[in-house]
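First comes the structure, then the notes that go with it.
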Amino acid sequence: MWGSLPRARLWLPPAELARELEVSERTVARDVLALSEAGVPVYADRGRAGGYRLIGGYRTRLTGLGRSEAEALFLSGVPSALREMGLADAASAARLKVSAALLPELRDAATGAAQRFHLDAPNWYQEPETPALLPAIADAVWDDRRITARYLRKDTEVERELEPYGLVLKAGVWYLAARTRGDYRVYRVDRFAAVEFGGADERSGADEGSGADDSGRAGTTGGTGASGGRFLRDESFDLPAFWAERATQFTRSLLREEVVLRLSERGVLQLPYVTERMAAREAIEAAQAAGGPDAHGRLTVTLAVESAEVAYAQLLALGPEGEILAPSGLRERFAAAARRTAALYT
């Protein structure tokens, strides 16, 4: 706000300040309050001769951002993720400070961007639920703090000592990438039953007795009261690359069976949209490399699927654009489904 005014004019009555900035007095009052809450030393003098003043010599600097604000700023394009990790307030304060440092003609950038781009992470028809322990785990990730966690695996609960490296939000579901016993693994955050900080501190000069660090985030899980030791992070760890590799491995691990089917030209285009996209693409590319379509333009592919039951549910969507050739049991199920469908229209 004051960045656009001459240095000598660091005190102004509300009406004059509103005229200078071409906004209403109500907008001035709202913005002054927001700047004050963000740490900018702006004050209101009451009375007939009152006005707003900025402490002399103050200049907005981006170096005034705190650690948690700077970290949150880089995630500010994902507001739902910020809220779920407990960083919404830090992001709001960071945006205010950055906005105050911008040229007047650029100060609508944040509003303009927010009105033009929005990320809605969850899948359709799914009500997003924030895992109760996500904020505590996010604190551990930010601060490189070792945690002791109880994790639900099928019908049993197991305990693990983890070094939390990163969080991934995939289709509305949160996952934790963590190192345990020298190996990196992936855990669903909503399956954690309990988390507490623990273990010896590997960082030189780290303060074990403090419950917070310079980011302003508390060093507890909000329920355990345990102090936590920091671990030495492997700086070569690449979270996006790790996630891409594990996601591919996970997908391939599910595709344990094969289905042979003959596709029309339209069926070739539809296949990636009714089944696992990577498997569909690989099946089509292999079939085209092996000889391509037959004289009628149909392409025979061998498709990796999770199971015959899953293949039946997925490939029915192809309708007459796909013909199951093998396995024979699945072909018979499709033939029976085709007869039942035909009977509905006779």
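Predicted model only: the values in this text are computed from it and were never measured.
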Salt bridge (Lys or Arg N to Asp or Glu O under 4.0 Å) involving Glu265 - partner list, sequence neighbours excluded
none

For Thr148 and Glu161, test the side chains for any donor-to-acceptor distance below 3.5 angstrom and give the result as yes or no.
yes

Using a 3.5 Å cut-off and no angle test, enumerate the donor-acceptor pairs between side-chain atoms of residues 337-346 and protein atoms at least two apart in sequence or in another chain.
| from | atom 1 | to | atom 2 | distance (Å) |
| --- | --- | --- | --- | --- |
| Thr341 | OG1 | Ala337 | O | 2.9 |
| Thr346 | OG1 | Ala343 | O | 3.1 |

With sequence neighbours left out, which residue pairs that include part of residues 289-310 fulfil the salt bridge (Lys or Arg N to Asp or Glu O under 4.0 Å) condition?
Asp294-Arg298, Glu309-Arg333

Non-neighbouring partners of Glu235 that pass side-chain contact (heavy atoms from CB on, under 4.5 Å), sequence neighbours left out
Arg233

Which pairs, with at least one residue in residues 317-332 and sequence neighbours excluded, count as a side-chain hydrogen bond (donor to acceptor under 3.5 Å, both in side chains)?
Arg262-Glu323, Ser264-Glu321, Glu323-Arg331

For the residue pair Leu318 and Leu263, establish whether any side-chain heavy-atom pair is separated by less than 4.5 Å.
yes

With Val189, which of Ile137, Val168, Leu169 fulfils side chain to side chain contact (heavy atoms under 4.5 Å, CB included)?
Ile137

Tell me every residue that passes side-chain contact (heavy atoms from CB on, under 4.5 Å) with Arg188, counting only those two or more places apart in sequence or in another chain.
Tyr151, Val173, Tyr175, Asp190, Arg191

Measure the CZ-CG distance between Arg146 and Asp143 for me, rounded to the nearest 0.5 Å.
13.5 Å

Tell me, please, which residues at least two apart from Ala289 pass side-chain contact (heavy atoms from CB on, under 4.5 Å).
none

Roughly how far apart are Gln288 CD and Leu299 CG, rounded to 0.5 Å?
6.0 Å

Contacts of Arg150 that satisfy salt bridge (Lys or Arg N to Asp or Glu O under 4.0 Å) - sequence neighbours left out
Glu157

Between Pro164 and Leu176 the two heavy atoms that sit nearest each other are CB-CD1, 3.8 Å

Residues in side chain to side chain donor-acceptor pair (under 3.5 Å) contact with Thr156, at least two apart in sequence or another chain:
none

Can you name the residues that form a salt bridge (Lys or Arg N to Asp or Glu O under 4.0 Å) with Arg277, not counting sequence neighbours?
none

If the condition is side-chain contact (heavy atoms from CB on, under 4.5 Å), which residues does Arg185 pass it with, not counting sequence neighbours?
Thr180, Asp183, Tyr187

I'd like to check the salt bridge (Lys or Arg N to Asp or Glu O under 4.0 Å) partners of Asp238; sequence neighbours left out, ordered by chain and number.
none

Heavy-atom count around Phe237 CZ within 6.0 Å, excluding the residue itself: above 12?
yes

Do you see a donor-acceptor pair shorter than 3.5 Å between the side chains of Ser307 and Glu257?
no

Salt bridge check: are Glu276 and Arg252 linked by an N-O gap of less than 4.0 Å?
no

Would you say Thr275's side chain and Leu271's backbone share a donor-acceptor pair under 3.5 angstrom?
no

Ignoring hydrogens, what is the shortest heavy-atom contact between Leu133 and Phe192? Give both atom names and the distance.
CD1-O, 3.5 Å

Heavy atoms of Phe231 and Arg145 approach each other most closely as CE2-N, 3.7 Å

